[in-house]
Number of protein chains: 2
Amino acid sequence: MRAMSKKLQQANLEKKLRDFEQACRSADLKLTHQRLEIFRELALAVDHPSAETIHKRLKKRLATLSLDTVYRTLSTLEKHRLITKVETVESQARFEADMDRHHHAICRQCGTITDFNWRSFDDVQLPHEISGWGRIDKKNITLHGICEKCANAGRAG
Amino acid sequence: MRAMSKKLQQANLEKKLRDFEQACRSADLKLTHQRLEIFRELALAVDHPSAETIHKRLKKRLATLSLDTVYRTLSTLEKHRLITKVETVESQARFEADMDRHHHAICRQCGTITDFNWRSFDDVQLPHEISGWGRIDKKNITLHGICEKCANAGRAG
DNA sequence: CTAAATGCAAAATTTTTGCAGTCCC
DNA sequence: GGGACTGCAAAAATTTTGCATTTAG
């Protein structure tokens with residue numbers, strides 16, 4: 001849902017990686033090979049992968065990478081607010097490296113999570129009913145439904 | 001966040017239970033003691049409990065109730081759209097029996113999930129960016145932050 | 001009666017942890 | 001070199017499943 005040229009995507013990824021390295025230094029996190037690759041994989045992914053999925057994908061390049069390192073790394077990066085855990089209804093946790101304000105649409109058929117922006121919503125005031133609740137850090141929308149691809153596959157097959 | 005008199009709450013619960021029994025009959029789900037009590041516990045709860053929490057609470061009254069029955073029952077009721085799994089970032093799944101449109105505020109300190117309504121949001125049109133995504137069944141807002149109670153506790157202690 | 005539901009036990013899945021060795025700074 | 005990080009293995013936490021028995025309709 002976010003059109004972007006290949007060139008721009010590449011530049012974007014490189015900036016993200018530079019920012020990541022900087023953030024690790026500031027936070028006294030060591031820039032290990034595994035850590036860097038896990039972050040890069042997540043920054044590159046558009047499907048909000050789980051720890052297991054990231055591990056599976058990296059195994060091809062990093063044969064010795066262990067699943068518990070992936071878990072530990074994701075947990076560390078989340079603690080330092082360099083990545084986010086996505087709120088879902090699934091049993092496996094899913095992650096993203098995009099820390100800009102955005103929202104999610106989840107297909108309950110194929111599980112794909114798609115990002116979208118909604119600037120006018122981001123700035124709107126919350127209803128009075130919840131105004132006394134406390135300090136709000138984030139307001140996320142999650143759409144649930146059936147994506148176009150699955151809807152068509154259902155009709156076809 | 002939803003003020004309601006005790007009397008109204010009681011009448012509400014009774015209606016929910018009647019509707020539940022009716023729905024079970026229509027769906028050919030047997031009205032077992034356990035099933036009824038699990039639903040009642042969830043309908044009564046305001047904190048969106050996990051399977052384990054429901055089990056713990058019911059154990060006092062239903063000493064023989066097993067945790068796997070709670071899991072199985074919640075799964076069955078969710079499949080029949082009589083309850084919902086709440087989207088969270090936690091590892092334990094949390095449930096609710098309130099099937100009316102509403103939204104959630106989650107405290108990342110104490111984990112409490114609070115309901116709120118936002119009718120004007122429910123009717124608003126989605127941004128163009130996501131309009132071609134597919135068929136949308138639900139649009140949920142989740143607020144993340146620190147609830148008033150935890151904020152005060154932090155300041156005090 | 002009969003199909004569905006329960007309880008028990010065991011397994012599967014997902015995530016976390018202790019420890020010894022390795023690697024970044 | 002020293003503390004943080006990794007991999008291994010084992011454990012913990014969460015959820016699911018097979019099967020014999022019980023129960024609602």
Side-chain angles (χ1 to χ4, degrees), chain A residues 17 20-42 48-56 58-59 61-80 82-95 111, chain B residues 17 20-42 48-56 58-59 61-80 82-95 111:
Chain A
L17 287 172
F20 177 70
E21 292 179 16
Q22 186 51 56
C24 284
R25 277 190 209 99
S26 315
D28 273 315
L29 292 177
K30 290 188 177 171
L31 272 170
T32 63
H33 188 199
Q34 293 90 331
R35 194 166 272 171
L36 202 59
E37 289 303 309
I38 289 168
F39 181 81
R40 186 211 305 283
E41 190 62 43
L42 193 56
H48 309 74
S50 65
E52 209 191 340
T53 302
I54 293 172
H55 180 244
K56 223 175 272 171
L58 284 174
K59 262 277 168 178
R61 292 188 276 134
L62 281 165
T64 66
L65 179 71
S66 69
L67 181 56
D68 45 299
T69 293
V70 178
Y71 272 109
R72 247 187 287 233
T73 302
L74 292 172
S75 168
T76 302
L77 299 187
E78 198 203 1
K79 206 164 296 164
H80 286 84
L82 298 172
I83 66 171
T84 315
K85 205 184 264 189
V86 179
E87 57 220 348
T88 65
V89 123
E90 296 172 54
S91 50
Q92 273 198 340
R94 311 234 340 224
F95 297 85
Chain B
L17 287 171
F20 176 71
E21 292 179 18
Q22 186 51 55
C24 283
R25 278 191 210 97
S26 317
D28 273 316
L29 292 177
K30 292 187 176 173
L31 271 170
T32 62
H33 187 197
Q34 292 90 329
R35 193 166 273 171
L36 201 60
E37 289 303 309
I38 289 168
F39 181 82
R40 186 211 305 282
E41 190 62 43
L42 193 55
H48 309 74
S50 66
E52 209 192 340
T53 302
I54 294 172
H55 181 243
K56 223 175 272 172
L58 284 174
K59 262 275 167 177
R61 292 189 275 134
L62 282 165
T64 67
L65 179 70
S66 69
L67 180 56
D68 45 301
T69 294
V70 177
Y71 273 108
R72 247 187 287 234
T73 302
L74 292 172
S75 168
T76 303
L77 299 187
E78 198 203 1
K79 206 164 298 165
H80 285 84
L82 297 171
I83 66 171
T84 315
K85 205 183 266 190
V86 180
E87 58 220 349
T88 65
V89 124
E90 295 172 56
S91 50
Q92 271 197 341
R94 311 236 336 228
F95 297 85

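Every chain is numbered from 1, with letters handed out A, B, ... down the list of sequences.
Under a cut-off of 6.0 angstrom, the local environment of NZ in K59(B) is crowded, with over 12 non-hydrogen atoms contributed by other residues, nucleotides or ligands.
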Using atom types as modelled, flag every donor-acceptor pair under 3.5 Å from a side chain in residues 26-35 of chain A to any protein atom, sequence neighbours excluded.
| unit_1 | atom_1 | unit_2 | atom_2 | d |
| --- | --- | --- | --- | --- |
| S26(A) | OG | Q22(A) | O | 2.9 |
| T32(A) | OG1 | R35(A) | N | 3.2 |
| R35(A) | NH1 | K30(A) | O | 2.9 |

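Using a 4.0 Å heavy-atom distance criterion, A51(A) is classed as making no nucleic acid contact. Within 4.0 Å of S75(B), counting heavy atoms only, lies no atom of the nucleic acid at all. Residue contacts for S91(A): at a heavy-atom cut-off of 4.0 Å it reaches the sugar-phosphate backbone alone, with no base atom in range. Here R35(B) lies in heavy-atom contact (under 4.0 Å) with sugar-phosphate atoms only. Using a 4.0 Å heavy-atom distance criterion, S50(B) is classed as making no nucleic acid contact.
Here the shortest heavy-atom pairing between V86(A) and H48(A) reads CG2-CD2, 3.9 Å. Contact record, L67(B) with A51(B): CD1-O, 4.0 Å, taken as the closest heavy-atom pair. When every heavy atom of I38(B) is checked against every heavy atom of L65(B), the shortest pair comes out as CD1-CD1, 4.4 Å.
By the 4.5 Å heavy-atom criterion applied to side chains, E90(A) and K85(B) are not counted as neighbours.
Boundaries of the chain A contact region on DNA chain D are dG2(D) to dA9(D), first to last in 5' to 3' order (nucleotide atom under 4.0 Å from a heavy atom).
Under the rule for a ring pair (Phe, Tyr, Trp, His ring centres under 6.0 Å), Y71(A) has no partner lying at least two apart in sequence or in another chain. Qualifying side chain to side chain donor-acceptor pair (under 3.5 Å) partners for T53(B), counting only residues two or more places apart in sequence or in other chains: S50(B). In terms of the ring pair (Phe, Tyr, Trp, His ring centres under 6.0 Å) criterion, F95(A) has no residue partners (sequence neighbours excluded).
Between E52(A) and R94(A), none of the side-chain N atoms (NZ, or NE/NH1/NH2) sits under 4.0 Å from a carboxylate O, so this pair counts as no salt bridge.
Between dC23(C) and T32(A), no contact under 4.0 Å exists linking OP1 or OP2 to a side-chain N or O. At the phosphate of dT16(C), neither OP1 nor OP2 sits under 4.0 Å from any side-chain N or O atom of Y71(A).
Toward the 5' end of DNA chain C, the nearer of the two residues K30(B) and T69(B), judged by each one's closest nucleotide, is K30(B). Mapping H33(A) and Q34(B) onto DNA chain C by nearest heavy atom places Q34(B) closer to the 5' end of the strand. Ranked by how close their nearest DNA chain D nucleotide is to the 5' end, Q92(B) and L31(B) are led by Q92(B).
Computed from coordinates, the E90(B) CD to dT14(C) C1' distance equals 15 Å when rounded to whole Å. Atom CZ in R25(B) sits about 15 Å away from atom P in dA5(C), given to the nearest Å. R72(B) has its CZ atom 13 Å from the C1' atom of dA11(C), to the nearest Å. One interatomic measurement links the two molecules: CZ of R94(A) to C1' of dT15(C), which rounds to 17 Å at whole-angstrom precision. Between the C1' atom of dA5(C) and the CG atom of L36(B) lies a distance of 14 Å, rounded to the nearest Å. Atom CD of E52(A) and atom P of dT16(C) are 14 Å apart (whole Å). One atom, CG of L65(B), and another, C1' of dA5(C), lie 12 Å apart when rounded to the nearest Å. Rounded to an integer number of Å, the gap from F39(B) CZ to dA5(C) P is 16 Å.
The overall bend of the helix from dC1(C)-dG25(D) to dC25(C)-dG1(D), read as the angle between its terminal helix axes built from five base pairs each, is 40° when rounded to 10 degrees.
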